[in-house]
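Step one of this worksheet: look at the structure below.
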Protein chains: 2
Amino acid sequence: MATISSHDADTCRRSDAALTRAFRLLGKRWSGVVLGSLNVGPAGFRELSRAIEGVSDSVLSERLSELTKAGLIARTVDAGPPVTVSYELTESGRALMPALDQISEWAREHLPQE
Amino acid sequence: MATISSHDADTCRRSDAALTRAFRLLGKRWSGVVLGSLNVGPAGFRELSRAIEGVSDSVLSERLSELTKAGLIARTVDAGPPVTVSYELTESGRALMPALDQISEWAREHLPQE
DNA sequence: CATACTTACTTCGAAAATCAAAGCGGCATG
DNA sequence: CATGCCGCTTTGATTTTCGAAGTAAGTATG
């Protein structure tokens, strides 16, 4: 007797496609922290590099590109002189902040310091 | 006039220590997705490996160890026979789920499919 | 008993991601 | 005009992840 098809017991739903998509971004080193840093307000490259202890310039640069491409942050160039660049959260990026805040709170309660 | 010390304008608060701690775990490939999969209920290694499309056995094994060590999931061995192993969220792990749900919802609204 | 299949991993070599350090062009300051 | 800041990029080493195969133990089939 044929069942409604489209899934066997085995293949059945276990991982959430949306979560998987989210973690294709967030599951990369520093993505989450970069977003959290920008939550405080817009910042320049050097400022972020100094603020986020441990990230290398090359990776920071890559993350900023990825997150910009994904529409979570925006890069703005103010043609000075001197020319300045600043990164800030877009609406999409800001929409993620409640979740990050919750993660932060969770870590305070459930992850040991250092 | 000496200020309260402990921070210059430059070094000043930008990245959240708790968030950084959280993403030392979550900012690794597959961590978030593994947790999300376990949200549905306990599962064995093979079941997870099948459910989470794209993860390799070696990485899954490593993530499960890390997350177990961090106290987010628990590994239980039922000495059969046949012996079976199952992984499930601890209370700490469950406490993170609201945040993951929010991320998933965010992705549904802000990240394109595929 | 032999063969095949399942679970729960581990091991291995290759490919990809990350790191730290140095370099570059532009602009400002002493 | 040397020195320093900014916003990156490049380079080469180290670490992570991948994908496939292997291991050990138990179950099922003939």
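As the structure is a computational prediction, the values presented were derived from the model and not from experiment. Below, chains carry the letters A, B, ... as their sequence lines are ordered, and counting in each starts from 1.
- Atom-to-atom distance recorded for A:Ser104:OG and B:Phe23:CZ is 10.0 Å, nearest 0.5 angstrom.
- Across the protein-nucleic acid pair, B:Leu64 atom CG and C:dT10 atom C1' stand 14 Å apart, rounded to whole Å.
- Atom NE2 in B:His110 sits 12.0 Å away from atom CZ in A:Arg21 (nearest 0.5 Å).
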Could you go through residues 71-78 of chain A and list every donor-acceptor pair under 3.5 Å that involves a side-chain atom there, pairing it with any protein atom two or more places apart or in another chain?
none

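- Residue B:Leu60 contributes atom CG, which lies 13 Å from atom C1' of C:dT7 at whole-angstrom precision.
- Along DNA chain C, the nucleotide nearest to A:Val83 and the one nearest to A:Glu66 differ in position, and the one closer to the 5' end is contacted by A:Glu66.
- The interatomic distance linking B:Arg63 (CZ) with C:dT10 (P) rounds to 14 Å, in whole Å.
- Look at CG on A:Asp57: it is 11 Å from C1' on C:dC19, rounded to the nearest Å.
- Of the residues near DNA chain D, B:Ser56 and B:Arg46, the one whose nearest nucleotide (by heavy atom distance) lies more toward the 5' end is B:Ser56.
- Remark: P of C:dT18 and NZ of B:Lys28 are 11 Å apart, rounded to the nearest angstrom.
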Under 3.5 Å donor-acceptor pairs involving side-chain atoms of residues 59-66 of chain A, not counting sequence neighbours:
residue	atom	partner	partner atom	Å
A:Arg63	NE	A:Arg29	O	2.8
A:Arg63	NH1	A:Glu66	OE1	3.2
A:Arg63	NH1	A:Glu66	OE2	3.1
A:Ser65	OG	A:Ser61	O	3.0
A:Glu66	OE2	A:Lys28	NZ	3.2

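- Nucleotide C:dC19 holds its P atom 6 Å from the CH2 atom of A:Trp30, rounded to whole Å.
- Counting to the nearest Å, the P atom of C:dA16 and the CD atom of A:Glu62 are 13 Å from each other.
- The nearest whole Å value for the distance from the CD atom in A:Glu53 to the P atom in C:dA20 is 11 Å.
- By the 4.5 Å heavy-atom criterion applied to side chains, B:Ile103 and A:Ile103 are counted as neighbours.
- Side chain A:Ser58 to base C:dA20: a donor-acceptor pair is found below 3.5 Å.
- The 5' end of DNA chain C is approached more closely, in terms of each residue's nearest nucleotide, by B:Tyr87 than by the other of A:Arg29 and B:Tyr87.
- Nearest to the side-chain atoms of A:Pro82 among the listed nucleotides C:dA17, C:dA28, C:dC19 stands C:dA28.
- Contact annotation: B:Arg50 side-chain N/O to C:dT7 OP1/OP2 distance is under 4.0 Å.
- Between B:Trp106 and A:Ser92 the shortest side-chain heavy-atom distance falls below 4.5 Å.
- Counting heavy atoms of neighbouring residues, nucleotides and ligands inside a 6.0 Å radius, atom CD of A:Gln113 does not exceed 12 of them.
- In the 5' to 3' direction, nucleotides of DNA chain D lying under 4.0 Å from heavy atoms of chain A begin and end at D:dC6 to D:dT10.
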